Engineer: 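Take this structure, written in structure tokens, and hold onto it; I'll ask about it next.
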Amino acid sequence: MMSRMKLPYRRPQESAGLTWRPISAWWWMLAAAAAVVIVALIVTVWLLAIADGAEAGTDRANSRLDAVRTGLAAGAGAGAAVGLMLAFRRQHHQEVATDLTNRDATERRITELYTKAVEQLGNDKAPVRLGGLYALERLAQDNPAQRQTIVNVICAYLRMPFASEAPTGKPKPEAAEAPKVAAAETETSPEAPGDKWQQERQVRLTAQRILADHLRIDWFEGQPAPGPVGPEFWPDMRLDLTGATLIDLNFYRVVAADARFAGAMFIGTAQFYEATFGGSSFQAAKFTQEAAFSRASFKGHADFSKAAFAGKGWFSQASFSRDADFNDASFNGDAMFYGTHFDDTAEFQPTTFSGDAMFAGATFDSSAWFSSATFAQRAAFGQATFAGDVTFQGVTFGGATDFAGATFPDRSDWLPFKDTRVLVSSAQHVWPAGWRLMPNRRGQYLLARTKDAK
């Protein structure tokens with residue numbers, strides 16, 4: 001399944017300048033002895049100078065003797081202080097050494113657990129692979145510094161080749177002519193390919209669930225949950241599921257700093273309801289059934305170019321803070337962009353909408369490009385707001401078209417419907433003010449601007 005992987009070795013940080021080195025113990029001992037002698041000498045000299053002021057005779061002699069005793073006592077006190085300092089230094093070094101030893105043991109244990117878990121992912125038996133996934137999950141939960149690495153491993157596992165359908169397991173023609181003994185041997189043979197596929201499917205569903213559980217933030221009535229995020233949440237994770245085969249992916253309300261699904265195959269429904277992504281790429285991704293991105297938030301560049309939606313594509317009330325690229329995408333089902341907000345450029349050229357395309361109430365704060373797009377069925381842009389440059393040049397409308405209440409920039413050179421074709425003139429159409437259908441010489445209908453339009 002997976003080749004053996006190891007945690008990357010981390011070299012100690014190397015300073016560009018001179019490296020600090022601990023001072024030798026001999027220098028500490030010499031400095032301590034010098035400090036004791038200096039303190040004793042200074043105190044003794046100072047007290048002797050005071051004693052010389054006493055009257056000559058017995059008093060002066062006693063004073064000088066007391067001065068010497070006091071000086072020696074001061075030296076002893078300084079020595080005790082130095083000894084205490086050295087003892088403190090020794091204790092500190094021991095604590096540092098113990099801490100480094102414990103850290104080294106912890107790192108080695110983490111490495112051993114990580115290596116063992118990754119080896120389990122490469123096992124032929126599905127229960128062993130499941131155990132490896134749960135071991136990695138527990139390791140990441142207990143060691144935040146290893147979470148991104150472990151997320152990378154889980155994503156790498158999901159990127160491994162996987163058949164979208166279970167093997168049929170139909171017997172070969174010659175199997176029917178085989179003797180009964182061979183049939184009996186077949187019954188006791190190892191698991192059939194279909195069983196292995198089902199087991200691997202369960203392993204992959206578990207890997208997806210682990211990612212979802214630790215990237216999801218609970219919401220309450222459309223707002224983030226109050227208070228701090230729970231300890232189960234892994235913040236600032238980056239996902240690389242490029243080319244992965246994902247089954248009934250349930251990533252609703254997940255939060256990821258970066259998400260790469262380019263070329264991914266989504267088998268079954270793909271749920272990204274209220275998800276939040278930094279940068280995201282779904283370039284050339286294939287959605288075999290419904291894809292739900294309603295109320296999702298795309299903080300960075302969102303790339304859906306060449307993506308294929310076999311079922312409905314839900315982007316209702318989603319928000320795109322940066323440019324949204326749907327160029328060359330294909331929607332075989334309905335495309336739902338009700339109330340979607342595009343802060344930056346939105347590109348849908350030459351996107352194909354085989355079902356209904358619903359952009360009612362959508363807001364385009366910057367440029368909106370629909371050049372050469374094809375709307376095979378209904379195209380609804382009622383109450384949509386176009387604040388920047390907009391073009392439907394070369395678009396083909398095959399069904400009813402609704403621009404009722406849509407607002408556009410007030411510009412005299414506004415020609416967004418140049419070369420726009422309408423296949424069914426009898427369908428119910430509501431065009432923006434200043435535009436109407438006009439037949440051409442080929443018997444087709446084009447949108448033409450009226451003379452009194454601004």
Side-chain angles (χ1 to χ4, degrees), residues 293-296 298 302 304 309 312-320 323-411 413-438 445-450 453-454:
F293 291 87
S294 298
R295 293 188 179 180
F298 299 89
F304 286 86
F309 297 83
K312 286 186 177 181
W314 295 91
F315 290 87
S316 303
Q317 299 183 35
S319 63
F320 294 86
D323 51 317
D325 184 354
F326 286 87
N327 292 328
D328 292 305
S330 60
F331 292 86
N332 291 329
D334 296 339
M336 302 298 186
F337 287 86
Y338 287 110
T340 304
H341 197 120
F342 298 91
D343 289 339
D344 209 330
T345 302
E347 298 187 54
F348 293 84
Q349 49 186 0
T351 304
T352 300
F353 298 91
S354 299
D356 293 343
M358 314 302 290
F359 287 85
T363 302
F364 299 87
D365 287 339
S366 186
S367 301
W369 306 98
F370 289 88
S371 299
S372 301
T374 299
F375 295 87
Q377 302 296 326
R378 184 184 178 192
F381 288 87
Q383 305 299 323
T385 300
F386 297 90
D389 294 336
V390 55
T391 179
F392 288 85
Q393 182 175 355
V395 165
T396 299
F397 289 108
T401 308
D402 182 11
F403 281 88
T407 58
F408 296 88
D410 185 11
R411 293 169 48 181
D413 60 343
W414 185 60
L415 294 172
F417 295 100
K418 183 179 180 181
D419 298 327
T420 297
R421 297 191 308 157
V422 178
L423 300 184
V424 183
S425 61
S426 60
Q428 186 176 359
H429 300 294
V430 180
W431 303 111
W435 292 88
R436 63 188 178 89
L437 282 180
M438 291 288 290
Y445 288 86
L446 301 177
L447 273 179
R449 194 170 186 182
T450 57
K454 291 184 179 181

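When a residue number appears, it is its place in the shown sequence, counting from 1. Not measured: the values here are computed from a predicted model.
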Engineer: Holding to ring-ring contact (aromatic ring centres under 6.0 Å, His included), I want the full list of residues that pass it with Tyr338, two or more places apart in sequence or in another chain.
Structural biologist: none
Engineer: With sequence neighbours excluded, tell me which residues meet side-chain contact (heavy atoms from CB on, under 4.5 Å) with Thr407.
Structural biologist: Thr385
Engineer: Is there a donor-acceptor pair closer than 3.5 Å between any side-chain N or O of Thr420 and the backbone N or O of Phe392?
Structural biologist: yes
Engineer: Who are the ring-ring contact (aromatic ring centres under 6.0 Å, His included) partners of His429, not counting sequence neighbours?
Structural biologist: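 ring-ring contact (aromatic ring centres under 6.0 Å, His included) check on His429 returns Trp431.
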Engineer: Give the table of side-chain donor-acceptor pairs shorter than 3.5 Å for residues 352-366, with sequence neighbours excluded, one pair per line with atom names and distance.
Structural biologist:
from   : atom 1 : to     : atom 2 : distance (Å)
Asp356 : OD1    : Arg378 : N      : 3.2
Asp365 : OD2    : His341 : NE2    : 2.6

Engineer: So which heavy atom on Ala400 is nearest to which on Gln428, and how close?
Structural biologist: CB-O, 3.1 Å
Engineer: Can you name the residues that form a salt bridge (charged side-chain N to carboxylate O under 4.0 Å, His left out) with Asp343, not counting sequence neighbours?
Structural biologist: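 By the salt bridge (charged side-chain N to carboxylate O under 4.0 Å, His left out) rule, Asp343 matches no residue at all.
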Engineer: Do Thr340 and Phe320 come close enough that some side-chain heavy atom pair is under 4.5 Å?
Structural biologist: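 Heavy-atom side-chain distance check passes, below 4.5 Å.
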Engineer: Check whether the ring centres of Phe326 and Phe342 lie less than 6.0 Å apart, and answer yes or no.
Structural biologist: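 Ring centroids of Phe326 and Phe342 are no less than 6.0 Å from each other.
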Engineer: Could I get the full list of side-chain contact (heavy atoms from CB on, under 4.5 Å) partners for Ala379, not counting sequence neighbours?
Structural biologist: Phe375, Phe381, Phe397, Thr401
Engineer: Is there a side-chain contact between Trp435 and Pro416 in this structure, where contact means two heavy atoms from C-beta onward sitting under 4.5 Å apart?
Structural biologist: yes
Engineer: So, the side chain of Asn327 versus the backbone of Gln349: is there a donor-acceptor pair under 3.5 Å, distance only?
Structural biologist: yes
